[in-house]
Amino acid sequence: MTTDRFFGGVDNRLENLQATFGYIAKANPTQSDLWAWLKSNTGAESDSTIQAYVGFLRSIGLLERDEGQFSLTSRGQDYRTTSDRELLFETLVEHVKGFETILQSVSLGHRTDDAIQTQLQEHYPDYQLPVGVIVRHLEWLEVVGAIEQHGDHHVLTAFGQDVVDEYKEGEWVSDTATQTIERSAESEQDGADLSSLRERAERSASTSVSTSVNVREVTEYDRSDDVRAYVLERADGECEGCGEPAPFVNRDGDPYLHAHHVLELSAGGPDSPETVIALCPNCHYRVHHGRDGEAYNRELVYRLSSIEDVPGDEIVSVE
């Protein structure tokens, strides 16, 4: 479900993508050369953002890297020579879930960010889908010409409607007249539950709190400070899961991020740059406590594979 942007916003993204592909086709650059070119030609600033955006293009099969040099895949070359937005759309759909679902949601009248988020969450209940994920999907759909934004809502273009028409009605999401009723009933129930919880809370409230002592055994692992320092520096102040800036600066003046091991130390996992990712507290707790925690951790493995230029299967194989 994870997607990333590319430089230039919605209006200039394809222009920057074509220019980048032209440079790669001509130069077969190393990472340092490509990073320098992107900073000079696209307004890119953060190495971690460049890493994420280029990694995303690799993950959807448009770029590849061999012996330290970047090149276009056959599909990347096809897009460079044709500028075919439909080809780009097909590439996104093949590698990232949710694009078709959003298009049909819009066709059924769910056109605001919140309404689309609700529909996507209902269709993918095992994923946590914050608005940021929805916005990045919507941006790409606008870039490839499948939707247009009018004020606070989105509408299908002729191309977007053609895509929807290729599928049977209800294949991705159902028309939700009954779901709306169900949600209304759930809201009423939630209100009743909240009221009863409030009553119980008032009955058990106390002006003073007693103390108790619990003694528990805690297993501590000898994590490498050097690995942690490297990972946090690599992140450059941004969560490597969601891509958002660290939520605050700690007392030492550093961006507050957690170092998360994608292979659990308790299960014998390694403590290495290829298996540790910098996460904001929300993403970290999502892994350990979220309903989609295991699925999200798998996504992080493959995000790490693009960050560290190591095949995801190779990361998993070290377990």
Would you give the length of the straight line joining atom NE2 of His153 to atom CG of Asp114, rounded to the nearest 0.5 angstrom?
14.5 Å
Spacing of Gln104 atom CD and Glu100 atom CD [to the nearest 0.5 Å]
10.0 Å
Taking the six-membered ring for Trp, are His284 and His288 closer than 6.0 Å centroid to centroid?
yes
Any donor-acceptor N or O pair under 3.5 Å, side chains Asp165, Gln161:
yes
Are Ile60 and Ile307 connected in a single hydrophobic cluster, I mean Ile/Leu/Val/Met/Phe/Trp/Tyr linked by side-chain heavy atoms less than 4.5 Å apart?
no
So for atom OH, which belongs to Tyr256, do other residues, nucleotides or ligands contribute more than 12 heavy atoms lying within a distance under 6.0 Å?
no
Do Gln77 and Thr82 come close enough that some side-chain heavy atom pair is under 4.5 Å?
no
Lys/Arg N to Asp/Glu carboxylate O, Glu64 vs Arg75, below 4.0 Å
no
Atom OG in Ser74, atom CG in Leu62: separation rounded to 0.5 Å?
10.0 Å
Using 30° and 60° as the class limits, which term best fits the ring planes of Phe7 and Tyr53: parallel, tilted or perpendicular?
tilted
Are Leu257 and Val276 connected, step by step, through hydrophobic side chains (Ile, Leu, Val, Met, Phe, Trp, Tyr) whose heavy atoms are closer than 4.5 Å?
no
Check step by step if side-chain contact (heavy atoms from CB on, under 4.5 Å) holds for Leu17 and Leu88.
CA-CA 11 Å; Leu17 194 61; Leu88 184 56; 4.2 Å; yes
Working for side-chain hydrogen bond (donor to acceptor under 3.5 Å, both in side chains), residues Gln51 and Asp47
CA-CA 6 Å; Gln51 184 78 61; Asp47 285 352; over 6 Å; no
Within this structure, what is the CD1-OG distance for the pair Ile116 and Ser105, rounded to the nearest 0.5 Å?
7.0 Å
If you compare all heavy atoms of Ala146 against all heavy atoms of Phe159, which two are closest, and at what distance to 0.1 Å?
CA-CD2, 3.9 Å
Would you call Trp140 and Val143 a side-chain contact if the rule is heavy atoms closer than 4.5 Å?
yes
Between Gln18 and Tyr79, what is the shortest heavy-atom contact and its length?
NE2-O, 3.1 Å
Aromatic centroids of Phe56 and Phe6 separated by under 6.0 Å
no
Would a 4.5 Å heavy-atom cut-off, applied to side chains only, mark Glu240 and Arg234 as touching?
yes
Can you confirm whether Asp84 sits close enough to Phe89 that some side-chain heavy atom of one is under 4.5 Å from a side-chain heavy atom of the other?
no
Non-hydrogen atoms of Ala278 and Val231 that approach each other most closely:
N-CG1, 3.6 Å
